[in-house]
Each structure stands twice: as structure tokens, then as C-alpha cells.
Amino acid sequence: MHHTPLLQDFVILLGFSILIVFLLQRLKLPSILGFLVTGIVIGPHGLSLIGASDQIEVISEIGVILLLFVIGMELSLKQLASIKNTVFIGGSLQVGLTILISGFAYYFLGNSIEEAVFVGFLFSLSSTAIVLKILQDRNEMKTAHGRNALAILIFQDIIVVPMMLITPILAGTSENVGMSIVMLVVKSIIVVIITIVSARYIVPKLMYAVAKTKSQELFLLTTIAICFAVAFLTSEAGLSLALGAFLAGLIISESEYSHQATSIILPFRELFTSIFFISIGMLLDLSFFIGHIGIILLLVLTVFLIKTLATSIAVAVLKYPPKAVVLTGLSLFQIGEFAFILSTIGIEHGLLSEETNQYFLSVSIVSMILTPFVIMFSHTIADKFLNTKLGRKIDNTLPNTTENDDVMDKEIHNHLIIIGYGINGSNLAKAAQYADIPYVVIEMNPTIVKSAKDDGIPILFGDASQPHILDTVNLSRARSVVIAISDKEATKTVIRNIRDTSQTVHILVRTRYVREISELIALGADDVIPEEFETSIEIFSRVMHNFLVPESQIDNLIEYVRSDNYEVFQMKKKVPKTFTPTSIPDFSITCVRVTSDSSKINGRSLKEANIRAKYGISVLAVSHKDKIIDDIHPDQKIYQNDLLYVQGSSENIEEFRKFVN
């Protein structure tokens, strides 16, 4: 057992990451930035504190696998099918445009066309690990730009394999590439078939059998085994490990055990993805970066503009609203981790010199470091851009609606506007329909819009943060607006735009956290419903019912909590004592089955069994042979298998239960 060097490296790696991430958290900066800085500091080009960098790199790959695995579990085959157009059309346009623009720029600098195409390959790939991690942390995976980013990243993970096969052709060193491509296609088809069959028939039954054992260890081992088995299978087929992990997550997502599996994997994912980001930071050569910082920053800006433009065009072709187009472009401007793997193949085949590779590594890592900041301020950047002359021109050019005229009543008034057609929005629409309240829905997901239209729902496709969309649904004549979307920044923009048009319409907002209430009310919301504390209210009200607290006192407490913006839950105020009774009776009513055939109870009357005196409980009713007897008297006899409805303290009822069983 001589693993001291690796263990020492782990201690250094974790120790520095704790210190740096802690300092950055105090400055309210993203953790990912801390991990990248840690890698730069302790790496071979920094303080050179890590010796086993190869082993660290291998371990870091596990982080990428687990990240994609969890993301796959949070989707489903049906959800993935709903974004297939964005995957293949949007993805191919983004990759193709990036290769074309960046390749042409590199060729214009005097390089060969083969080298230019290869550099285009490198620049076209974005960071799956970083982007999806940040979007998950910001709860933006289900937004339009979150789904678009995921779809395009999936396509990039797929296309990186053909890029690896084409690289030897570009260098003129390949043999029998045609057969390799055919075999890759065949293997890919087999992998897809295995994925679908496993998701539908095999894994749900396997997970059910494992869950029945009630062994958490076995459940964990089975989950991880499925993840790495599918990742290994796709790797053997010539596809990426990350893509295999994503497919493994999709397989488990089709079973009802995906939520439990996700909760088990999350701690492991956080650890290994942290190591992955640290390993990326270790690649940066500080001396080269400092010596060429001007050129590197200029290249970073060039990459930012090219990739943002290419991605935005790709999404715009799919007719998404302007803001979703810009946000998706800003999310995918960086160069990704799979480009590092591809660059090593380029170096082997002479398509990338050592100096060019250093420029590439520096630009890639700097773009990754900037990614958390760009995404953090992406909504502000998008709003400011769309308010410029060019932005307004683009806004007027891109469609904000699709075939909305057929569902919109131009004379609608005194109506309800629902923004967002998720679970809350769709349930509210059903309630409005039941109560015969006129309503209209605004939704940004074209698939949801199409499906809802087919069901006759008055829904239109568009970005509610755009004033034109609000005008389309006759906001000025509406009675109430409910904002039920997950995007916090978009919610703020919608409230501002509503108040610019109407000061009287009632605005109700659903939000995740209570800390957002004050800001949303200050912007113009009338009511804000925070999910985290409304759940708490439901829990405590049910508990108080169980403790027989009077209904009026429960209602008073709920009203007090809500009227005070939930500050009671934030430990800022104490609940007035007048809301709780002076004593809580230990009082229960329950049902007990007589299973004993003892002569002490079986065939005896209540008077003979002396139940009240012995156990301190009262028998309220008896179910004998499926017949309820509620007129109870002392001569009522009790038989085996009777159901007794009894009243008393919990302790006394439990003693009686033991007696009759």
C-alpha cells in the first residue's frame, strides 16, 4: 500500500480548494471559479505542488461522467425527443457556423486550409460540464435558453467523435477511414437500441427488485454500475464517455426511482466535478499567459463574439424569442473540455503546433473562467443589447409569436393572463376554465404551445418580457396576471413591463425563495407566493389539525405568517402565544383489528372484557362481517377479525392494540 504521493496530492488539492473557494464565496463569486484558480495555483505551471497529475486527470473524468449522468436522470426520453430539432438543427448550425467563421479567420492569418478547419473544430466545442453545472445551480435548466444550451451541447458531444475520425484525413495520415465511419454508425445504432430497450423494459424491473430489498448500499451500487456500464459501452463503440453517462441517466429516468438515484449520486458528483475543474486549471501555463496576455485577451474577445454570434443565429433559425436567442449565445461562448482531447490528436498529426496549442489552452481556460460571470450577468447584457438600435431591429425581425391570432380574442377584457404553462400554470388554466374565467396563456416552449393549442387552450408563443407580447394579450384591459416561470431575472423584467403598461392590474408571482419577496413587491407585484414556505404552511397546518388545535386559530396563524412576509419562519419574530392553546390533549381516534383468538376478548362483550377500565379507551363503533355497528352498548360482543373504532390517548390505544393482537 504505497499510495502516499497520490494521497498527498489529494490533501493539497482539497486543502487549497477549500481555502480559495471559501474566500471567493465570501466575495459571492461562483465555486467553479475557485476550483479553476486552485488548479492554476497548485498546478505544474504554478507552485508545482501536484506530482500525480495524470491520476488526478483520470479521476476528474469521473466528475464529467457523474455530471452528465445526473442531468440525464433529470430528463426523460420523451423530453429529449421534444428538443430533437434543437439538438440536430440548432447543433449542426452552431457547429457549422463556428467552424466556417473561425476557420476562415485562421486561414486569413496565413495558415493552411486543413489547419484552419481543425482550429474551427476546436472553437466549435463548448463546455458541457461548466455550462450545465452553472445553469443547474441557477435553476435555469428548464428555461428556453437552458434547454437550447443542453440540446446544442448534446450535439457537440456527438459530433466530437466524427471530428476525431476526420482529423487524420485532414492531416493526410488516415487509413481506411470509410470503414471506421461505417462501423461507428452501426455501433451508434446498436447503442441507441440498447438504451431504448433498457429504459423501457429492463432497468425499471431491475430497480424495482433492488428497491424491494430496502438496501441503500445495493441501490447505490446498482445505480453507479448502470452509469459506468453504459459509459463504457459507448466508449467501446467509439463514442464519448460523457455521452454514455448521459444515456445511462436517461435509462434510469424512465423508472420511478430516478429521484432517489439522483439524491444518492449528487454528493459524489460534487466531489468529482470539483476535481475536474481543478484539473482544467492545472493546464494553464502562467508564464506563457503573462508573456502573451494582450494577444490572448484579444483572441478571447474574438472567440466570444464568433461563438455568441454563431449560436444566436442557430437558435434564431428555430424561431425562439430574441432574449432566448441572446441568452443561449452568451451561455455557449467558451471553448469546452472535449476540445482538449481533440487538440492532442491534432498535435499528433501535425495540425497544431506547440505554440498554437499554448494559445489555444490559454484562450480556452480564460473563457471557462469568464463563463460564470457572463452567465451571471447574461440577462442584464441581453436586455441592454436588445435596447440598442441593432437589438431593436433584431427584436422586430425575429418572431415573438407563432400563429397566435387564431387563439386570441381581440376583444378579451377583464381576463386572467397566465405567464408560463408548467405545472402551476396548467393547473391554474384548468381552474380558470372550470370557473368560467376568461384567460390566455403565454409560453416560450414551442412544443408545449403546439400541444396546448391542439387541446384548444388559448395559448400563444412568445417572451412575456417583451412589451409587444403583453400588448397582444390586451394587458391594459386584464384583471389579473399570474407569473409562473422559473427564471428570476425574466420575472423581474415582466413585472417592470407590466407596470409600465398598467398600474391597476393585479400581479401574483410564484417564486422559489422567500428572500425574493421584498424585491418583487418593490418592483410592482401585489402578491408573491414562495414555494419553500407555502409548503411549510401546509405541513404545520396539517400537524396542528392532528393536535386538535381549533380551525379558527390555525387560520389566524396562517394569515399572520403570510401578512408578515413569512418573517416568523426566518427567525426574525416570534409567534404570539395567543395562537396556541394552553394545553394539547393526547386524543386520538383510530381503527384496531382484533386478530387474537384469546378467550379474554374473542366472543366476550365490552362489559365482560372491561376494556374501558383496563385500557382507558372507548369503543365508538364495531365493524363485524363488513357491517358497521355504531349504536354501541355494554352487551356488544367482539369477535376475531372485527374492526374496532376506538378513542383515547395514543399510549392507551397502543396498549390495547397489543392486547387484541
Side-chain angles (χ1 to χ4, degrees), residues 1-70 127-134 136-137 220 224 227-228 231 241-242 245 264-290 334-341 343-344 357-358 360-362 364-373:
M1 295 291 289
H2 299 290
H3 302 299
T4 306
L6 181 59
L7 182 60
Q8 177 181 308
D9 287 345
F10 256 100
V11 172
I12 294 170
L13 184 148
L14 295 175
F16 270 83
S17 64
I18 290 170
L19 176 62
I20 295 174
V21 171
F22 175 77
L23 292 174
L24 292 181
Q25 284 288 306
R26 295 296 296 269
L27 298 173
K28 296 186 177 180
L29 295 175
S31 299
I32 289 176
L33 181 61
F35 297 131
L36 291 170
V37 171
T38 301
I40 294 171
V41 171
I42 67 176
H45 305 294
L47 299 177
S48 299
L49 299 177
I50 299 295
S53 57
D54 290 340
Q55 288 106 313
I56 298 296
E57 187 177 340
V58 171
I59 294 171
S60 71
E61 289 184 7
I62 299 175
V64 180
I65 290 172
L66 294 178
L67 175 65
L68 270 294
F69 181 52
V70 171
S127 177
T128 302
I130 292 179
V131 173
L132 296 186
K133 177 72 167 64
I134 296 172
Q136 266 195 333
D137 290 345
L220 170 63
I224 293 179
C227 170
F228 286 100
L241 285 168
I264 290 176
I265 294 295
L266 277 177
F268 296 95
R269 185 200 72 174
E270 297 301 327
L271 172 63
F272 286 110
T273 50
S274 302
I275 296 172
F276 165 75
F277 294 127
I278 293 171
S279 70
I280 294 295
M282 289 167 59
L283 295 173
L284 183 64
D285 187 338
L286 277 177
S287 59
F288 182 88
F289 175 77
I290 295 171
Q334 73 292 125
I335 299 174
E337 54 275 357
F338 289 117
F340 297 135
I341 301 171
S343 67
T344 58
N357 187 50
Q358 282 302 319
F360 161 72
L361 289 174
S362 299
S364 301
I365 294 172
V366 171
S367 70
M368 288 181 170
I369 291 173
L370 291 175
T371 298
F373 298 102

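Just so it is clear, the structure is predicted and the values come from calculations on it, not from any experiment.
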Measuring from atom [atom1] of [X] to atom [atom2] of [Y], what distance do you get when rounded to the nearest 0.5 angstrom?
X: F288; Y: L286; atom1: CZ; atom2: CG; result: 12.5 Å
X: F35; Y: I130; atom1: CZ; atom2: CD1; result: 11.5 Å
X: L284; Y: Q358; atom1: CG; atom2: CD; result: 8.5 Å

Do [X] and [Y] have side chains that get closer than 4.5 Å, going by heavy atoms?
X: D285; Y: L361; value: no
X: S31; Y: L24; value: no
X: F289; Y: V366; value: yes

- Query: So I42 and I278, side chain to side chain contact (heavy atoms under 4.5 Å, CB included) or not? Walk me through it.
  - Reply: CA-CA 9 Å; I42 67 176; I278 293 171; 4.2 Å; yes
- Within 6.0 Å of CZ in F22, more than 12 heavy atoms from elsewhere: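 Incorrect, the count does not exceed 12.
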- Task: Please test T38 against L13 for side chain to side chain contact (heavy atoms under 4.5 Å, CB included), starting from the C-alpha separation and ending with a verdict.
- Result: CA-CA 8 Å; T38 301; L13 184 148; 5.6 Å; no
- Message: Show, in sequence, the C-alpha distance, side-chain angles and deciding distance for Q334 and S127, and conclude whether the side-chain hydrogen bond (donor to acceptor under 3.5 Å, both in side chains) test is met.
- Response: CA-CA 7 Å; Q334 73 292 125; S127 177; 5.4 Å; no
- Exam field: side chain S367 to backbone I335, donor-acceptor pair closer than 3.5 Å: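 Here the side-chain-to-backbone pair exists.
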